[in-house]
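Some notes on the structure that comes next.
In what follows, chains carry the letters A, B, and so on, assigned in the order in which the sequence lines appear, proteins first and then strands, with residues in each chain numbered from 1.
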Amino acid sequence: QDTQEKEKTLPPERAEEAKLKAKYPNLGQKPGGSDFLMKRLQKGQKYFDSGDYNMAKAKMKNKQLPSAGPDKNLVTGDHIPTPQDLPQRKSSLVTSKLAG
Amino acid sequence: FLGAGGGNDIQWCFSQVKGAVDDDVAEADIISTVEFNHSGELLATGDKGGRVVIFQQEQENKTQSHSRGEYNVYSTFQSHEPEFDYLKSLEIEEKINKIRWLPQKNAAQFLLSTNDKTIKLWKISERDKRPEGYNLKEEDGRYRDPTTVTTLRVPVFRPMDLMVEASPRRIFANAHTYHINSISINSDYETYLSADDLRINLWHLEITDRSFNIVDIKPANMEELTEVITAAEFHPNSCSTFVYSSSKGTIRLCDMRASALCDRHSKLFEEPEDPSNRSFFSEIISSISDVKFSHSGRYMMTRDYLSVKIWDLNMENRPVETYQVHEYLRSKLCSLYENDCIFDKFECCWNGLDRQVEFFSVLHFSIVMTGSYNNFFRMFDRNTKRDITLEASRENNKPRTVLKPRKVCASGKRKKDEISVDSLDFNKKILHTAWHPKENIIAVATTNNLYIFQDKMN
């Protein structure tokens, strides 16, 4: 009954934290800190190793090439980026719709 | 603006909306910055596609004293292009992070626009005459055979249809390893600062090949990184003073007269935290996403995830006022973390004209504005302590009809016309708002539309 009462009086932020930890038990001990800071600094970083890429291509000749999952937490080149993964990189030649 | 009630007597009405109606928003059309120029005549927007669109207010119709001029497209240009840094294997977005106008010195207008890495000074000039009557050229540009010229005439300028041209006059590049989040023009109108996650640089507007580093918080060992710079701004009157905010909710005020490298702050503004309330989310939601000085320079306003705080520059240990923007989100932090909304960077702004002379007295009104979700935006009247929630939606678009205030029901029984927290659309965020420097006209950007509201004129 004691723990039940503790949960009831938990401030909303701590209750939300408990929810998150329940979903992701491996979440870093550091409070929301350096992990997301490093991600912020590495925005735009693309990792590519042509050797790995060609080896993977050779191995998977008959299978489909692995593509990047929707995992947002991927910071380093754990997977082999393929041309299909890379987003289209062309500038906007079209006029903004605000001016239309 | 009548009555002694102060700014809260403002009745906001829809004026205009710019942008596409369709729900399918192209990435490039996402508005990333909105800024009025110093007179309020021009309104600039930047988007994720690297484009700048400038609107100009029509001259007021002398016969129709009931309406202010509308904003129409004046100029549009591609400011930045996507780039790839092959040396660092880094993709550089063309998204315009900030636009800042220079005060007008001559017929042309100048603005600074920046993406993550490069700042550009753009000159926007009008051409309304062209030379005609050349001796060696036909009117269509073809060259005449000189031997056919028998008489000479003096070319003259004749009027032509107005053409507005934008040209890049300076490119300030290669000074930022990390991503630029702010630019701010100094009150000396000769220099400006640019801030990235770890460093702040000082530039002279005329000089592009040199920049002075004035703040560097990069630790010797990146493993020790605990804090990044999130915004920076020069003091409006004191040309040696600037502030920068951090991801830990602190603001540092620095004086460039103290030393060349302002790593040691002159003042540190930080509100003490209640240790019993500390959670995984505390630091993330305390991260300051915007800092803005008041026009007098006596106060500054900061925006963190859930609130707006007003600080008196003379008091470092806590803000003088705190306004809750959407406190009901505190019990939704888990899902807001999962969908990344907790990292949304909301901006804030002060009202423009903060003084109104009426008869023999001077009324000071002070209102701050910021955005929220579901295309809601909030205003806080610092004098009356009243606040209001309004919505930027095409459903309210009848000119001169006063906008109806909105209310979010945090818990319990939802009254008619209220919206429950779970029904809020978190994809509809208002991150960027701007207030005309002299009139009660505001520009509010939804994802891909720009709304202009003005107060009801009687």
Side-chain angles (χ1 to χ4, degrees), chain A residues 6-50 53 70-73 75-77 81 85-100, chain B residues 18-20 26 28-29 31 45 47-53 55 73 75-76 78 80-82 84-85 88-94 116 178-179 197-198 222-223 225-228 247-248 276-285 330-338 340 342-343 448-450:
Chain A
K6 274 210 194 112
E7 275 170 16
K8 256 191 269 178
T9 55
L10 211 58
E13 224 176 284
R14 297 281 288 278
E16 289 296 296
E17 179 183 40
K19 246 194 253 175
L20 193 70
K21 291 226 159 110
K23 275 195 188 181
Y24 308 100
N26 293 326
L27 203 58
Q29 292 312 300
K30 282 182 279 200
S34 299
D35 280 348
F36 85 91
L37 283 187
M38 290 310 286
K39 226 174 79 168
R40 179 189 173 128
L41 293 183
Q42 291 185 322
K43 168 190 164 199
Q45 196 76 60
K46 301 281 175 218
Y47 292 94
F48 181 79
D49 185 310
S50 61
Y53 173 68
D71 189 353
K72 291 185 277 263
N73 290 321
V75 174
T76 60
D85 296 347
L86 297 176
Q88 288 290 321
R89 305 239 56 243
K90 59 183 201 309
S91 69
S92 322
L93 299 172
V94 183
T95 313
S96 163
K97 294 199 179 112
L98 288 185
Chain B
K18 308 278 185 192
D29 291 324
I31 298 172
T45 60
D47 65 22
K48 221 171 172 209
R51 301 160 304 185
V52 171
V53 182
F55 301 93
V73 180
S75 171
T76 177
Q78 185 79 38
H80 288 70
E81 307 250 343
F84 195 86
D85 181 335
K88 296 185 190 158
S89 217
L90 190 71
E91 196 173 73
I92 302 166
E93 266 196 303
E94 65 274 36
D116 283 340
Y178 301 98
H179 301 99
D197 293 314
L198 298 178
M222 283 299 268
E223 306 269 304
L225 180 73
T226 54
E227 190 170 20
V228 296
S247 53
K248 276 186 153 172
S276 65
N277 268 339
R278 187 150 183 86
S279 76
F280 174 83
F281 303 111
S282 301
E283 194 175 302
I284 303 175
I285 63 172
R330 200 179 289 269
S331 44
K332 299 287 170 198
L333 292 177
C334 180
S335 40
L336 292 168
Y337 178 86
E338 290 181 286
D340 271 354
I342 205 175
F343 299 107
N448 64 330
N449 282 180
L450 183 72

Below 4.5 Å, heavy-atom pairs only: which of B/E227, B/K332, B/H179, B/K248 has the largest tally toward chain A? B/H179

With B/S282, which residues qualify under side-chain hydrogen bond (donor to acceptor under 3.5 Å, both in side chains), at least two apart? A/E13

To the nearest 0.5 Å, what is the distance between CG on B/D116 and CG on B/D197? 9.0 Å

Which one, B/L90, B/N277, B/D85, leads in non-hydrogen pairs under 4.5 Å with chain A? B/L90

Salt bridge flag under 4.0 Å for residues A/K46 and B/E91: yes

B/I285, part contacting chain A, at a heavy-atom distance under 4.5 Å: side chain

Proximal component of B/I31, with respect to chain A [non-hydrogen, under 4.5 Å]: side chain

Residue A/K23 versus chain B: region with a heavy atom under 4.5 Å: side chain

Results of side chain to side chain contact (heavy atoms under 4.5 Å, CB included) for A/K97 - residues two or more places apart only: B/A20, B/D29

I'd like to check B/K48 versus B/E93 (side-chain heavy atoms, cut-off strictly below 4.5 Å). Are they in contact? yes

